[in-house]
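To keep things clear, I will list the structure first and then write my remarks on it.
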Amino acid sequence: MPESFSDILSRGSVFIDRNVMSPHYIPENLPHREKEINKIMRAVLPALKNQRPQNLFIYGKTGTGKTSSVKYVMAKFAEMKSNSAISHVNCRIYNSRYRILNKMVAEHAPKFAKPGFGISFLYEKILDWVEGDGKNFIVILDEIDMVRDLDDLVYTLTRANDDLTKGGISIIGISNRLSFKDRLDPRSRSSLLETEIVFPPYNSKQLQSILEGRVKVGFADGVVRESAINLAAAIASQETGDARYALQLLLKAGEIVDEAGGNGVEDKDVELARKSVDEDVAYDAISTLPEHQRVVLYAVASMTISGSRYQKLSDNGEGYLLSGEVYEGYLSYSRKLGKKPRSARWFRQYLSDLEMLGLITMVESGKGQRGHTRLIRIAYSPEKVKDIIEKSIA
DNA sequence: CCTCCACAGGAAGCGCAGGAGT
DNA sequence: ACTCCTGCGCTTCCTGTGGAGG
């Protein structure tokens, strides 16, 4: 006999408001980002005085509060009366100059946002609209490194300021990769990077106080042990200082406690949450894998179970696989599946992709192994990975 | 010491699908 | 709707590296 909704409802929950633990939630104040917020405010301040703000570039790893800080400042900014407009564009979705301009028009002059208009038409519509009352238009480009033709976009937007007689357009770019700067044309680089702010990762203490702040609002009084908060902070800071991950740990821990009908979040719940969150990440990564990478991973998993022909022992006694023998395995598995195997060169590329995703780890062969090869080990339990792949094929 | 083996990873080139511009 | 262009996935070819074996 399954439980009814009201059964579950009446059982109560450790949460008051789960949304508070979501990464999209913007709290009343963002601890440990005062300096950065201040810089952003100073950067956009000219718009309140009817001057064009400088372009701004914000860089920091995931979960360092870049987007939250910008959203926070922009919310405050919108409260002030000013002759300005803001567009917040997620470049992961709007990833070309055309799409971004289209989105800008759609947000502020929807009647012109029909498909089929060329770039130049959209450009002129934006100019007209900005010039109409000489406003300052701030375009926030979140995950700006995803834009394919970024040079063209930056050129178009900065060029607009020359074509405008009144008002101006400025860019706030947000990225978690610094390397994309190298791909930029020097001219667009210098105009995009007029002002630069770097968001450092949070340390354990800072994560702790962030979590405490959220727990106070999101969870019922006193249900989360302080040591559990500290543990979540410690785990997250050990990884990358990612606040998103830390919040996810506590959210999941709370869900685990709710499900078990408990009434307090303890260290062990955070430990369980960590396993589950990591597994979710692995599951997502595996199930969205291109098929040949999946076959490679499958070969690694099953060969780990059956054992390597070479079975060299590492320091903690676990076996490594050699890339050569994994290629053999990959060949036979792809043929078994009726797929034409890719070349050895591309196979190596697959391996390093899988390593990037954290699904396998590789080390250069040291002494004892013949020549120059890589020793491969799977990052998660091979049985589980095999299981996930078998299910995702069916 | 030299050569060979087994592999790493860069460079160039090719066909294809999908997007931009007309 | 139609062509042109570009990025992408992939192959082929190539050079580099370090231990094993003659």
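In what follows, every chain begins at residue 1, and chains take the letters A, B, ... in the order their sequences are listed. Because the structure is predicted, anything quoted here is derived from the model rather than measured.
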Would you say Ser323(A) places a side-chain N or O within less than 4.0 Å of OP1 or OP2 belonging to dA6(B)?
no

Would you check if Tyr298(A) and Tyr330(A) make a side-chain contact, meaning some heavy-atom pair closer than 4.5 Å?
no

Under 3.5 Å, side chain of Asn55(A) to main-chain N/O of Ser191(A), donor-acceptor pair present?
yes

Whole-Å distance separating the CD atom of Gln349(A) from the P atom of dC7(B):
18 Å

Using ring-ring contact (aromatic ring centres under 6.0 Å, His included) as the criterion, list what pairs up with Phe15(A), not counting sequence neighbours.
Phe219(A)

Which nucleotides of nucleotides 6-11 of chain C have their base under 4.0 Å from a protein heavy atom (B), which only their sugar-phosphate (S), and which neither (-), written as one string 5' to 3'?
--SSBB

Report the distance from atom CZ of Arg374(A) to atom P of dG16(C), rounded to the nearest whole Å.
19 Å

Whole-Å distance between dC7(B) C1' and Leu322(A) CG?
10 Å

With sequence neighbours excluded, tell me which residues meet side-chain contact (heavy atoms from CB on, under 4.5 Å) with Thr62(A).
Asn176(A), Asp242(A)

5'-most contact on DNA chain B: Ser352(A) or Arg97(A), nearest heavy atom basis?
Ser352(A)

Between dG19(B) atom P and Ile100(A) atom CD1, what is the distance in whole Å?
16 Å

Going hydrophobic residue to hydrophobic residue with side-chain gaps under 4.5 angstrom, can you get from Leu193(A) over to Ile40(A)?
no

Euclidean distance, atom CG of residue Leu321(A) to atom P of dA6(B) [Å, nearest integer]
18 Å

Arg274(A) to Tyr245(A), cation-pi by 6.0 Å centre distance and 45° axis angle:
no

Are the side chain of Glu259(A) and the backbone of Ile256(A) linked by a donor-acceptor contact shorter than 3.5 Å?
no

Residue pairs involving residues 206-233 of chain A (criterion salt bridge (charged side-chain N to carboxylate O under 4.0 Å, His left out); sequence neighbours excluded)
Arg225(A)-Glu266(A)

Inter-axis angle, terminal five-pair segments of the helix from dC1(B)-dG22(C) to dT22(B)-dA1(C) [nearest 10°]
10°

In whole Å, I'd like the distance from the CG atom of Leu375(A) to the P atom of dC7(B).
11 Å

Does anything in residues 338-350 of chain A pair up under salt bridge (charged side-chain N to carboxylate O under 4.0 Å, His left out), and if so which pairs, sequence neighbours excluded?
Glu291(A)-Lys339(A)

